[in-house]
Amino acid sequence: MRSLRLFARLVPFVLRQLTRRPMRSLLTGAGVALATLLFVAVRAIDAGVSNATEATAKDTRLIVYRANRFCPFTSQLPQHYVDRMRRIDGVVSTIPIRIVVNSCRASLDVVTFRGVPDAEFERFVLPGLRLQSGSLDEWLRRSDAAMVGTALATRRDLRVGDRFNAAGVDAYVAGIIDSDEAQNRNVAFVHLSFLQEATRVASSDSGTGGFVTQFTVTVRDPEALTRVAEAIDAEFARDPAPTSTRAEKAFVARAAADIVEVSRFAQWFGIGALFAVFALVANAIALGMHDRVRDIAILQTLGFQPRVVTGLVIMEGVLLGVTGGAIGALGAWAVLRAFQFNLTTEGVGVEFPASLSVALFGWCIAAAIGGCASLLPAIRAGQREIVSSFRAV
Amino acid sequence: MKSEAFIECRQLTRTYRRGDVEITPLRDLDLSIDRGAFLALMGPSGSGKTTLLNLLGGIDRPTSGSLHIDGEPVHALNRSRLAAWRARTIGYIFQLYNLVPVLTAYENVELPLLLHALPRRERHRRVAEALELVSLSDRHDHYPRQLSGGQEQRVAIARAIVTEPPLLLADEPTGDLDRASADGVMKLLARLNTDHGKTIVMVTHDRQIAARAGQTLMLEKGQFIEVEAVP
């Protein structure tokens, strides 16, 4: 406690030392801020991928896709499959969904329409959504109405009453919805019949009405997931449009595999960013100690104990880490929050969340690395012989 | 009743190694200094004056022998205890002032007080008193670069006395000053000795400056060769 109070009294002294070479401290702080920003952004990508592939996918849900098809553009299943699926033992509900995206490739600005029958939307989808603005009545009344997720609405600057067009679908914003599931925050829910009709008109082929992209099947018992999936695929194996059924988690993980690879690659940038923080602070502190051999000797002469001198130098490193880290972490948080980045591939969206806990983690890491980076020069400063220090300058 | 000396050195030896060469600036030195003395150390370069001052100040350690100051076995203290002892006992005045350039006069004087658990108000009172004593009350907010050499040395003296140590050590305190400033600094040291009871040990090359002390010890090759007492 006494030591804490002592170091608290010495904080202004440490701050004054950091202003001794303002340009050096500024550049070091800026470097730490940039590296922390990069680190927090990478952590956000990682958190987004984890969130998409693990946290929000349900253990009781299956996704039924057209066999050997991996993109909403090419997965077409007859809507009437729904009745046969509902008869399979263990199935609780089946939602036929038509998915239309304006790009099947991994992109930061993909608009995803999910066409869902009205009854299924009200019964199974709506309970997981929170209406931010607009009304359900308006959505039910208008055939071209869309319930737009908050992330998509923010990215496209959409408000209730606006019209927007993507992938040849012209929709009216009837409501803005939020959800705990990242997938729902980045889509526009529209009427299935409307989407089938809109894409039939928009496409030049013979028409896609009566077809859906996938079925979302909820099963009663998570243990029965594999059995039900196999039963569904067996049911449609001899049909013109055979199915491929996977657990939602596995489906999302496969669809997001490219993003997971990107995320793994980005992890190296995150580690590199931490090394950058370490190198920047260590360099600044080492140069500072070189400049201040005499000042350290003065402090020792005045009675500053080795541990106090060591503590002062570590405080400098921590303050550089804290200051630069705070700017970087807050900057990353603000950028992620402002731009609501969302990488979508094959219709599966991965949101990069602006999480305060991730920013706080980045900030703490920057501060800790600042302290670690200054440890060696700090110990050396504390152990220097006073007389030889005075002789050296 | 026999009174114990304030500073007691016995067989004090300091040996350095520079490469293969062994240098012994102080050899088997015996010295006793009474409390309240004002002592000048003189001698040619390399005679061991500064080495003796550094040993007395606890910023260097003897190779052998004993050193007791105010009853404390300074030679036997470890680094941390020695630092704590310096903070309590020693006020050090350097030839080149050695103020911290990024701190104001006030902050430089306050620096050693930060080691002590004193309320801010008490710290302020002591700093103000010390700066008043060296006649620099109007220079609180000046940085060292904004002060003359004489003023910088007076700030250094204020820093040395602010913790109220019983022993002041001065290494050529007037060596970098003009005659008028040197005279001011010497008057101040004399006042600290007579009015405030500080024991002062001062290294100087200047006979006139040495004459202002109560006693002068001449050192040569690490040994005392002469003692002059001012009547």
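What you see is a predicted model; the values in this text were computed from it and never measured. Letters A, B, ... are given to chains in the order of the sequence lines, protein chains preceding strands, and every chain is numbered from 1.
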- Is the number of heavy atoms from other residues, nucleotides or ligands within 6.0 Å of CZ (A:R391) greater than 12? yes

- Task: Please answer whether the main-chain N or O of A:L302 pairs with a side-chain N or O of B:R86 as donor and acceptor at a distance below 3.5 Å.
- Result: no

- Answer with side chain, backbone, both or neither: which region of A:F304 has an atom nearer than 4.5 Å to a non-hydrogen atom of chain B? both

- Message: Show every salt bridge (charged side-chain N to carboxylate O under 4.0 Å, His left out) that has at least one partner inside residues 292-321 of chain A, sequence neighbours left out.
- Response: A:R20-A:D295, A:R292-A:E316

- Message: Can you confirm whether B:E132 is buried at CD, in the sense that more than 12 heavy atoms of other residues, nucleotides or ligands lie under 6.0 Å from that atom?
- Response: no

- Nearest heavy-atom pair of B:R79 and A:P306: which atoms, and what distance? NE-CG, 4.0 Å

- Message: A quick test of your reading: do over 12 heavy atoms of other residues, nucleotides or ligands sit less than 6.0 Å from OH of B:Y143?
- Response: yes

- Task: Evaluate whether atom CZ of B:R17 has more than 12 neighbouring non-hydrogen atoms of other residues, nucleotides or ligands under 6.0 angstrom away.
- Result: yes

- With the threshold set at 4.0 Å, does a side-chain nitrogen-carboxylate oxygen contact exist between B:R61 and A:E385? no

- Is the number of heavy atoms from other residues, nucleotides or ligands under 6.0 Å of A:F339 CZ greater than 12? no

- Drop me the distance from B:H116's NE2 to A:L6's CG, to the nearest 0.5 angstrom. 10.5 Å

- Task: First locate atom OG1 of B:T50, then atom CZ of A:F390, and finally report the distance between them rounded to the nearest 0.5 Å.
- Result: 12.0 Å

- Message: Could you measure the distance from the OH atom of B:Y92 to the CD1 atom of A:I386? Nearest 0.5 Å is fine.
- Response: 9.0 Å

- Message: Between A:S388, A:G303, A:A297, who has the most heavy-atom pairs with chain B when the cutoff is under 4.5 Å?
- Response: A:G303

- Query: For the residue pair B:V102 and A:R16, what are the closest heavy atoms and their distance?
  - Reply: O-NH1, 3.0 Å

- Query: Out of B:L111, B:T89, B:N54, B:T163, which one racks up the most heavy-atom pairs below 4.5 Å with chain A?
  - Reply: B:L111

- Message: Using side chain to side chain contact (heavy atoms under 4.5 Å, CB included), reason through A:T301 and B:F94 one step at a time and then give a plain yes or no.
- Response: CA-CA 11 Å; A:T301 305; B:F94 300 89; 3.7 Å; yes

- Contact summary for A:V387 and B:I59, nearest pair of heavy atoms: CG2-O, 3.3 Å

- Message: Under 4.5 Å from any heavy atom of chain A, what part of B:R88 do you find: side chain, backbone, both or neither?
- Response: neither

- Note on the structure: One should read off an interatomic distance between B:L103 CG and A:F13 CZ, to the nearest 0.5 angstrom, of 5.5 Å

- Task: Sort B:L99 into side chain, backbone, both or neither according to what part of it lies under 4.5 angstrom from a heavy atom of chain A.
- Result: backbone

- Message: So for B:E107, is it side chain, backbone, both, or neither that comes closer than 4.5 Å to the heavy atoms of chain A?
- Response: side chain

- Nearest heavy-atom approach of A:Q305 to B:S80 is NE2-O, 3.5 Å

- Item | Heavy-atom proximity to chain A below 4.5 Å, by part of B:N98 | both

- Tightest non-hydrogen contact, residues A:R9 and B:L114, listed as NE-O, 2.8 Å

- Message: Tell me which of these, B:P101, B:G57, B:P112, has more heavy-atom pairs under 4.5 Å with chain A than the rest.
- Response: B:P101

- Note on the structure: Whatever's closer than 4.5 Å to a heavy atom in chain A on B:R123 counts as side chain

